[in-house]
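These notes concern the structure reproduced below.
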Amino acid sequence: MQDAKTMRTNFIWDIVDTDLSNGKNGGRVQTRFPPEPNGYFHIGHCKAICINFLTAQRYDGLCNLRFDDTNPSKESEEYVRAIMEDIRWLGFEWTGGLYYASDYFPTMYELALKLIREGNAYVCDLTHEQIRATRGTLTEPGSNSPYRERSVEENLDLFQRMKAGEFADGTRVLRAKIDMSSPNMNMRDPVIYRIVHVAHHRTGDAWCIYPMYDYAHSIEDALERITHSLCSLEFENHRPLYDWVVEKCGFTQEPPRQIEFARLNMTRTIMSKRYLRQLVEGGHVAGWDDPRMPTIAGMRRRGYTPAAIRDFVDRIGMSKADSVADFGLLEHCVREDLGNTAARAMAVLRPIKVVLTNWPEGQVETLTLENHPDHPELGERQVTFGRELYIEQEDFMLDPPKKFFRLFPGGEVRLKGAYIIKCEKAIVDPQGNPIELRCTVDLDSKSGCEGAARKVKGTLHWVHAADAVPVEARLYEPLLKDENAEELGEENEAAEAAESLAPAHHDKKDFISRLNPESLSVAHGYAEPALAQANPGDRFQFLRVGYFTMDADSMPGAPVFNRTVSLKDSWSKMAGQEAAGR
RNA sequence: UGGGGUGUCGCCAAGCGGUAAGGCACGGGACUUUGACUCCCGCAUUCGUAGGUUCGAAUCCUGCCACCCCAGCCA
């Protein structure tokens, strides 16, 4: 895996370098990854995870894992567990410790009292609608709340009674007293505490007032002595408020520095939590860990490796420019990692029988194949060879086009690690489709023997019918038919809510109709015997087919494999262009 | 017509006044008992745009254009 210290730099690390050279924080670097435990992680989260943990590693600093659990109505312990599992799976450890925003509720409450005493916060009785109406607009200033000049005593009394549970949800809030005419909407007396009579997954009913993000996050960072608080671009507008809270709460240390970066978007991928949930709840996928899902759990089950995902995040770079990464780059990273590490094996997904007419009935030969062409240390394995074999249907054509290097009547191919065979005759069904091939084998052409020097155009993978293991292969394609999935990227909930009220974008509304009905196809084929001994999670390259990972759905003697990613296929690309050109 | 950001090859992205890195994709070729891998070669006279400063600008200045974010008692 990468070494954070030797990785190429980026604008964030340039800033850290500058801070360090200016002697900030005594040379100490501490970051934090602060998820709200309100859902499953997807590929988009990986970027934030990497930058936070790698920044700590690069500077011999620490990275905290902090659950930003300030909104009990959306959070749960289930997500906390899943998130920790995902982070560890990616290979990171929260060296700075594990924290929960909820552990700071008492401190946050005390600091709120301090803000009130010092005239920096007040209890506001305006309704939700009134607050919105008096906030002004993007071009007009807001107006002061009639409760803005309440006395400290009254504010203290009211806030304590809010905490005591005397008031119903939505009847009062605590607001920071800043500037209702600020051009930055976030500074127009933002709400910092609201009343929510909902049990919290960790603090239960201890609280009925909960701090808002802007207030809570600043305090969390300051309390944990975070030096660099990395977050995504949409928080850029919040930075003045972030700094305001740290200052007014009286933290005298060097303040944490918030730095924003562009979040990860990717083509052909659905990242919107709303759509992802729709897929799961609508039964369009098998669950959050369906191998088609861009969730970490889904990618894990599909067979993507942490190394590949991290390499991908590294390669897309770090900047402030809105961008959409190419899904093909992720696939490239997966192929590169697996190509180097996965053991080779042979499996025929859509079999057609081959009978070697000049091979003695009942004779079986054992052949030795390498597990990896470039890594002899991965060892060898044995496969048997006999009279009846299976090859891939698409490796035979009755009437082949030019440059078809595979099998056809009268043509010759090598069977990988075995012999050269020649197709003498194809048996076809009444519709003319080949159902069995009669071939002769060149007995002198066995791999490793003198006669093996003879060259033929194509080499095919195959399995011996006598001891082949039946396998189920699950083949995955993108969930959406079109390639415009990036428009279904993460959106904020206001947009989601507005969308559900007034579905203006028909393409989004028709999300379900855009689903690719062929995102999952199942093939039943045969594999060499060794695969019966594999374990769930084991990864292989099925020669000439693709990378596959054994699924936990496998039963003894009946393995199930997920296609992680196909092999690059210049033949089908070329053939496709030929066809299009005709 | 408020404020905050961003604009360099199809997609990412270096570059920080000295004359456009790299990756993916793409095209061509070599090699090949995986049409995989690997290996060569090609791929921005130009940096949103119009001016200006300078011997010299993607880098500095000015205007303009485009896109993103902000009016949650979400994070």
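Chain identifiers are assigned alphabetically (A, B, ...) following the order of the sequence lines, protein sequences preceding nucleic acid strands; residue numbering begins at 1 within each chain. Heavy-atom basis, side chains included; hydrogens, waters and symmetry copies ignored. The structure displayed is predicted, hence computed values, not measured ones.
Across all strands shown, nothing is found opposite B:rU33 as a Watson-Crick or G-U wobble partner with both distances under 3.5 Å. In this structure, B:rG56 makes no Watson-Crick or G-U wobble pair, since no nucleotide meets both defining distances under 3.5 angstrom. Applying the Watson-Crick and G-U wobble criteria (two distances, each under 3.5 Å), B:rG7 pairs with B:rC65. Nucleotide B:rG17: unpaired (no Watson-Crick or G-U wobble partner with both distances less than 3.5 Å).
Counting only residues at least two apart or on different chains, the ring pair (Phe, Tyr, Trp, His ring centres under 6.0 Å) pairs with a member in residues 173-198 of chain A are A:Phe159-A:Tyr193, A:Tyr193-A:Tyr215.
Atom P of nucleotide B:rG3 and atom CD1 of A:Ile178 are separated by 19 Å, given to the nearest angstrom. Protein atom CG of A:Asp311 is 11 Å distant from nucleotide atom C1' of B:rC24, rounded to whole Å. For the pair A:Trp207 CH2 and B:rC73 P, the interatomic distance rounds to 21 Å; values are reported in whole Å. Between the NZ atom of A:Lys74 and the C1' atom of B:rC73 there is a distance of 13 Å, rounded to whole Å.
Within 3.5 Å, no donor on the side chain of A:Asn184 pairs with an acceptor on the base of B:rC70, nor the reverse. Contact annotation: side chain of A:His238 to base of B:rA75, donor-acceptor pair present below 3.5 Å. In terms of polar N and O atoms assigned as donor or acceptor, the side chain of A:Arg406 comes within less than 3.5 Å of the base of B:rG35 in a complementary pairing.
Side-chain atoms of A:Glu234 lie closest to B:rC69 of the nucleotides B:rC69, B:rC24, B:rU33. Taking every side-chain heavy atom of A:Phe404 into account, B:rG35 is the closest of B:rA75, B:rC12, B:rG35. Considering only side-chain atoms of A:Asn237, the nucleotide from B:rC74, B:rG5, B:rG4 that sits closest is B:rG4. In this structure, the nucleotide among B:rA13, B:rG35, B:rU34 sitting nearest to the side chain of A:Ala321 is B:rA13. Residue A:Ile131 has its side chain nearest to B:rC73 when only B:rU34, B:rU33, B:rC73 are considered. Side chain of A:Asn71, nearest nucleotide from B:rU33, B:rG10, B:rC74: B:rC74. Of the listed nucleotides (B:rG15, B:rA75, B:rC12), B:rC12 has the atom at the smallest distance from the side chain of A:Val324. Closest to the side chain of A:Lys416, from the set B:rU34, B:rG72, B:rG35, is B:rU34.
A donor atom on one side chain and an acceptor atom on the other are found under 3.5 Å apart for A:Asp189 and A:Tyr122. Checking A:His217 against A:Arg32 by side-chain atom types alone, a donor-acceptor pair falls below 3.5 Å. Of the N and O atoms on the side chains of A:Tyr40 and A:Glu78, at least one donor lies less than 3.5 Å from an acceptor on the other residue.
Contact annotation: A:Lys568 side-chain N/O to B:rG35 OP1/OP2 distance is not under 4.0 Å. One finds no side-chain N or O of A:Ser323 lying less than 4.0 angstrom from the OP1 or OP2 phosphate oxygen of B:rC11. Between B:rG4 and A:Arg239, no contact under 4.0 Å exists linking OP1 or OP2 to a side-chain N or O. OP1 and OP2 of B:rC74 both lie 4.0 Å or more from every side-chain N or O belonging to A:Thr70. Phosphate proximity of B:rG35 to A:Lys403: absent, as no side-chain N or O sits under 4.0 Å from OP1 or OP2. Regarding contacts with the backbone of B:rC12, every side-chain N or O of A:Arg8 stays at 4.0 angstrom or more from both OP1 and OP2. Distances shown here put a side-chain N or O of A:Arg194 below 4.0 Å from the OP1 or OP2 atom of B:rA75. Considering only side-chain N and O atoms, A:Ser319 lies under 4.0 angstrom from the phosphate OP1 or OP2 of B:rA13. Put simply, A:Lys320 has no side-chain N or O that comes within less than 4.0 Å of OP1 or OP2 on B:rG7. Between A:Arg135 and B:rG72 there is a side-chain polar atom (N or O) within less than 4.0 angstrom of OP1 or OP2.
In this structure, the ring of A:Tyr242 has its center no less than 6.0 angstrom from the ring center of A:Phe235. The aromatic ring centres of A:Tyr304 and A:Phe312 sit 6.0 Å or more apart.
Ring geometry for A:His200 against A:Phe105 counts as perpendicular: the plane angle is over 60°, on a 0 to 90° scale with 30° as the lower cut.
Of the residues in residues 329-351 of chain A, A:Leu329, A:His332, A:Arg344 come within less than 4.0 Å of RNA chain B through at least one heavy atom, sorted by number.
Looking at heavy-atom distances under 4.0 Å, A:Leu264 makes no contact with the nucleic acid at all. Base contact: A:Leu138 has a heavy atom under 4.0 Å from a base atom. A:Pro373 comes within 4.0 angstrom of a nucleotide base, judged by non-hydrogen atoms across all strands. Nucleic acid contact class of A:Leu460 (heavy atoms, under 4.0 Å, all strands): none. Contacts of A:Lys457 with the nucleic acid, taken as non-hydrogen atoms under 4.0 Å apart, are absent. Note on A:Thr127: a base of the nucleic acid sits closer than 4.0 angstrom, heavy atoms only. No engagement by A:Gly39 is indicated, since no non-hydrogen atom pair under 4.0 Å with the nucleic acid exists. Using a 4.0 Å heavy-atom distance criterion, A:Tyr210 is classed as making no nucleic acid contact. Within the 4.0 angstrom heavy-atom criterion, no nucleotide atom of any strand lies near A:Ala216. Residue contacts shown for A:Val173 include a base, since a base heavy atom lies under 4.0 Å away.
Between A:Tyr213 and B:rA75, no base-stacking contact is recorded for ring centres under 5.5 Å apart and planes less than 30° from parallel.
In this structure a side-chain-to-backbone donor-acceptor pair under 3.5 Å is present from A:Glu528 to A:Met346. When atom types are taken as modelled, the side chain of A:Arg194 and the backbone of A:Ile192 share no donor-acceptor pair closer than 3.5 angstrom.
Partners of A:Glu370 by salt bridge (charged side-chain N to carboxylate O under 4.0 Å, His left out), not counting sequence neighbours: none found.
Residues A:Arg132 and A:Lys47 each lie close to RNA chain B; by heavy-atom proximity, the contact nearer the 5' end of the strand is made by A:Lys47. Position along RNA chain B of the nearest nucleotide to A:Phe11 versus A:Ser445 favours A:Phe11 as the more 5'-ward residue.
In this structure, B:rG48 shows a glycosidic angle more than 90 degrees from zero, which is the anti conformation.
Of the residues listed (A:Lys457, A:Lys422, A:Arg454), the one engaging A:Glu412 in a salt bridge (Lys or Arg N to Asp or Glu O under 4.0 Å) is A:Arg454, and it is the only one.
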